[in-house]
Amino acid sequence: MTDVISLLTFPDTSKAFTAYRSTVIDVDDRSASHPRKTPRLDADSDSGSASRSRDSVKGKNVDRSVPVRIQVHGFAVGSALNKAYDNLFVRLSRSIRALLEKGSDELSTTYESVYTACRGVVCVAGRGEDLYEMLKVEIHKCVNRLAEELEKTNKEGVEWIGHFVETCAWFEGQVALLESLLTYLDRAYVLKNPSLPSIHDLAFTRFRERIFSGYFIVDKLQKGISTWVTWERNEGQVHIHRPFLKELVSHLVTHYVYDAIFERHFVEKTQEYFSKESYQMVEVEKAKAKVFLVHCNQRTNEEQGRARDVMSDGTVALVKDAAIRALFEGRLEWMAKEVFMECKGTTDLKKAYALFASVDGLPVLCREFKAYVQRTVQDIVKDASKDDEMVNRLLEFKSFADTTLKEAFVDPSTKQNNQDFAYGLIDAFTKGFKARRNKPAEQIAKHVDRLMRYGQRGMSDAAFEALLDAALALYRFTDDKDVFRTFYHRALAKRLLLERSASDDFEKAMLKKLKEKYDPEFGMGDHMFNDLALSRDIMREYHTRIRGDSSAQKLSVVVLQCSVWPFLERAKGVDLPSSMQADLDNYATFYKIKHQGHKLDWDHSLGTATVKARFAAGPKDLTVSLYQAVVLLLFNDETEIGYRHILEETRMGNLKIDDGELRRTLQSLACANKKVLKKRPVGKDVDDNDVFYFNAGFTDPRAKVHINSIQAKETAEENQRTQSHIEGDRKHYLDAAIVRIMKAKKELSHEQLKNETIDAVKSHFVPEVSVIKQRIDGLVEQEYLRRDEEDRNLYMYVA
């Protein structure tokens, strides 16, 4: 006989009620007697009876006005069903228990049977609540067994983590299996009861509460993590069990305890580890900043790589930040000061910038960068022993600073230079130049002079212009604009008069740039070129008016305006030979006739001459200064001449006042590399008792020999005169500015007048406050100003 449970449970594959043989009876509700079988004859013996029976089954004689009830006899329905459901529930419980018991034998039934049994218990028998409660108990027991196993195991460190990972993987796998097998419990029962957690949530919540809430297991986990990462940091290698940690992170994330158990602990241990390491390197081992910087960069890269390989993405930045902050904690000031002293390459400084940026230390680095630049510039400017190298050293350092700014101090997000560092660089150079007043501006002017004299020398126009622009970039940092202008003006004049300029086109372009971009007063160069052009025209006209065989045909005179050219009047010149002087007098007569009212003052200090000399090796053309020519011509008449006699003949100063010009001239002829004269006794200095004689044995491979002109170089006395001239001009600037301000304002306090004066002259120079006070007092004495009788700090303009 087919059982009822099979009929009810598997209608798609069974014959249902047609397979169950039973007697069909008529039930008469109106009769109180027990239903009884209706006797009938065989179909062949009583066709009428058979027909009546068939009609009854078909319902032809059924009273359709009342309900029809069919009863199946042969078993008790209620007790059989309950018993069947109980058996089904027991089998299902055993299956669940077996699935949640680690190491148990395989199920005694198939997964399909478990799935079908769950459907019968939940959907047919309606016992979802009982099944859910039973599952909850079994999950609790399972988790407790797992916890006890983890607590009792003898493994330690990373190996224990491996065992823990294995346990987590088994539990999560079994829960996933239960979710599949007990789908009807989740879908047909739990969904109808929103207050109940799903099978997954029920199992994971219990696992999280029991496993991750206990001190013992969490402590073992964190100790294992510390053991692993400490070993890797100390050994510099990948631990053989690193995959355990990757799996651990995955399980912790799955159970929502990664932040609390792993990430927070790992970051704290990272800070602790690298704080100790930083102290050891800096305080104990006294490591250099460059070495420490390389170490920090290496460590942060290692931590970042380890975090990317093992941990979640959000932890990578936290670990890297914790490592670098721990290494740099309390070291920023020291690192910033030392890094610029030890790191000269942009690569190292770029790494330093990135590290400082990661710990919000850029303000500290910027401050120290500015201090380093200012200190370096001051050291270069104040080194008087290397004044001639000052500008080259400044340009070299400026190039390094600019390169560092462009390549190292770059904001990674915008790819632009950090403007704080750029402004700091400008400010540092400006303050550094103030360490020595006037001298930087003077040396920059002389550096430009050398560039203009030497010319391109194979360089392209663009490369040569870049050199000039680099020098002018330094000019922007000096407050002593008038000093630069004065020395540049004088150097330009010498280049033009001595024909030492490499290119007039570059000279004019340079003057235009200086006039338009830096100082309008550089327009004086235009007048200088005009004077030279007019002088050439006058000389051509003069040469046409004299005899062709006249010695004056070789004469070249340049007439200069005193207001345009920067030379100071000389107290003493030189006595020229009579033939030379006659040619000059004839030219002066011609000029005065042409330009009546003009006065000519001769300045021979910048004059040049070509002298033909006959040596034993052959004749040479000597290009010399006019002073040198005058001295050499004396040896046409005498072989040996004493110093005192030369002084009397040339009258270049006197022994009591100043004979420095003559001594320098004789040094250039007898003590330099090209000795056309010799002296007794031999030496580098010229004394009053020295005797000079013609060096007939002088040799040189060239037919035209240039003897270095001593006047082409600025002497100490000339430099001092220029400085004095600058100081005098500054006084006039200040006086004029103060009077102009007071005339407009009528009355001002001392502080107001001081500020107004500085603002008025700052395009030329920045005066010292003490000098302004002296000029104000001088103007009060001269009665341009007066003090108020009641307030002595208030000045009044006197009309």
Side-chain angles (χ1 to χ4, degrees), residues 340-341 343-346 349 369-408 422 425-481 483-492 494-495 500-503 506-507 509-511 513-514 517-518 708 712-716 718-719 722-723:
F340 292 110
M341 301 301 295
C343 299
K344 301 302 181 183
T346 55
L349 291 175
F369 172 69
K370 179 180 175 181
Y372 165 71
V373 172
Q374 182 176 334
R375 186 168 58 251
T376 304
V377 172
Q378 286 177 344
D379 292 343
I380 295 174
V381 168
K382 292 165 68 175
D383 189 358
S385 64
K386 297 181 179 179
D387 277 350
D388 292 341
E389 303 174 18
M390 178 191 296
V391 177
N392 285 329
R393 293 170 67 193
L394 287 172
L395 286 173
E396 182 181 356
F397 181 69
K398 179 66 164 50
S399 176
F400 162 75
D402 288 340
T403 303
T404 301
L405 191 65
K406 293 177 182 178
E407 297 181 5
L425 178 63
I426 296 173
D427 193 38
F429 261 88
T430 302
K431 291 182 178 178
F433 273 38
K434 292 180 180 179
R436 192 177 178 194
R437 300 298 298 272
N438 299 348
K439 201 64 178 179
E442 174 190 339
Q443 291 300 325
I444 294 170
K446 292 180 178 178
H447 178 79
V448 175
D449 172 52
R450 286 191 291 271
L451 291 177
M452 300 303 288
R453 282 192 284 113
Y454 295 156
Q456 295 174 255
R457 295 193 174 185
M459 290 186 293
S460 64
D461 291 350
F464 184 64
E465 189 172 357
L467 287 178
L468 296 175
D469 289 340
L472 293 182
L474 295 179
Y475 168 66
R476 292 180 181 274
F477 299 129
T478 179
D479 291 333
D480 305 311
K481 303 291 192 297
V483 175
F484 175 86
R485 185 174 61 250
T486 300
F487 278 93
Y488 184 84
H489 196 184
R490 293 179 63 82
L492 172 63
K494 283 188 176 182
R495 292 198 300 274
R500 296 291 181 81
S501 179
S503 170
F506 269 116
E507 292 285 5
M510 188 67 170
L511 286 170
K513 182 180 296 185
L514 288 169
K517 294 184 177 182
Y518 297 94
N708 289 332
K713 298 179 181 179
E714 189 177 48
T715 64
E718 190 176 7
N719 185 282
T722 303
Q723 294 288 358

Under 4.5 Å between any side-chain heavy atoms of Asp469 and Lys513, yes or no?
yes
With under 30° as parallel and over 60° as perpendicular, where do the rings of Phe340 and Tyr372 fit, or are they tilted in between?
parallel
Could Arg436 and Asp387 be called an ion pair, given the rule that one side-chain N must be under 4.0 Å from one carboxylate O?
yes
Taking only Lys NZ, Arg NE, NH1 and NH2, and the carboxylate oxygens of Asp or Glu, determine whether Asp449 and Lys494 approach each other closer than 4.0 Å.
no
ring-ring contact (aromatic ring centres under 6.0 Å, His included) with Tyr475: of Phe484, Phe487, Tyr488, only one passes, and it is Phe484
For the residue pair Phe477 and Phe433, does the interplanar ring angle fall in the parallel (under 30°), tilted (30 to 60°) or perpendicular (over 60°) class?
perpendicular
Hey, could you give me the CG/NZ distance between Asp480 and Lys439, rounded to the nearest 0.5 Å?
12.0 Å
In this structure, CG of Leu474 is separated from NE2 of His447 (nearest 0.5 Å) by 8.0 Å
Here the pair of heavy atoms bringing Lys434 nearest to Arg437 is O-CD, 4.1 Å
Check whether any side-chain heavy atom of Leu349 sits under 4.5 Å from a side-chain heavy atom of Phe400, and report yes or no.
yes
To the nearest 0.5 angstrom, please state how far the CG atom of Leu395 sits from the CE atom of Met390.
12.0 Å
Where do Val448 and Val391 land on the side-chain contact (heavy atoms from CB on, under 4.5 Å) test, with the steps shown first?
CA-CA 10 Å; Val448 175; Val391 177; over 6 Å; no
Nearest atoms (heavy-atom pairs only) where Ala502 meets Gly455:
CB-CA, 3.3 Å
Nearest atoms (heavy-atom pairs only) where Glu507 meets Ser501
OE2-OG, 2.8 Å
Under 4.0 Å between a side-chain nitrogen and a carboxylate oxygen: does that hold for Arg393 and Glu396?
no
Can you name the one residue among Thr376, Val373, Thr478 that meets side-chain contact (heavy atoms from CB on, under 4.5 Å) with Phe429?
Val373
For the atom pair CD1 (Ile426) and NZ (Lys370), what is the distance rounded to the nearest 0.5 Å?
11.0 Å
So, are Asp402 and Lys406 salt-bridged, with charged N and O less than 4.0 Å apart?
no
CA sep, side-chain torsions, deciding dist, call: Leu468, Met452, side-chain contact (heavy atoms from CB on, under 4.5 Å):
CA-CA 9 Å; Leu468 296 175; Met452 300 303 288; 3.9 Å; yes
Atom CG in Leu394, atom CD1 in Ile444: separation rounded to 0.5 Å?
7.0 Å
Verdict with supporting geometry, Met510 and Leu472, side-chain contact (heavy atoms from CB on, under 4.5 Å)
CA-CA 10 Å; Met510 188 67 170; Leu472 293 182; 3.5 Å; yes
Decide yes or no on side-chain contact (heavy atoms from CB on, under 4.5 Å) for Tyr518 and Arg476, but give the supporting numbers first.
CA-CA 8 Å; Tyr518 297 94; Arg476 292 180 181 274; 3.5 Å; yes
Would you give the length of the straight line joining atom CZ of Arg450 to atom CD of Gln443, rounded to the nearest 0.5 angstrom?
7.0 Å
Can you name the nearest heavy-atom pair linking Val381 to Pro440, along with the distance?
CG1-CG, 3.6 Å
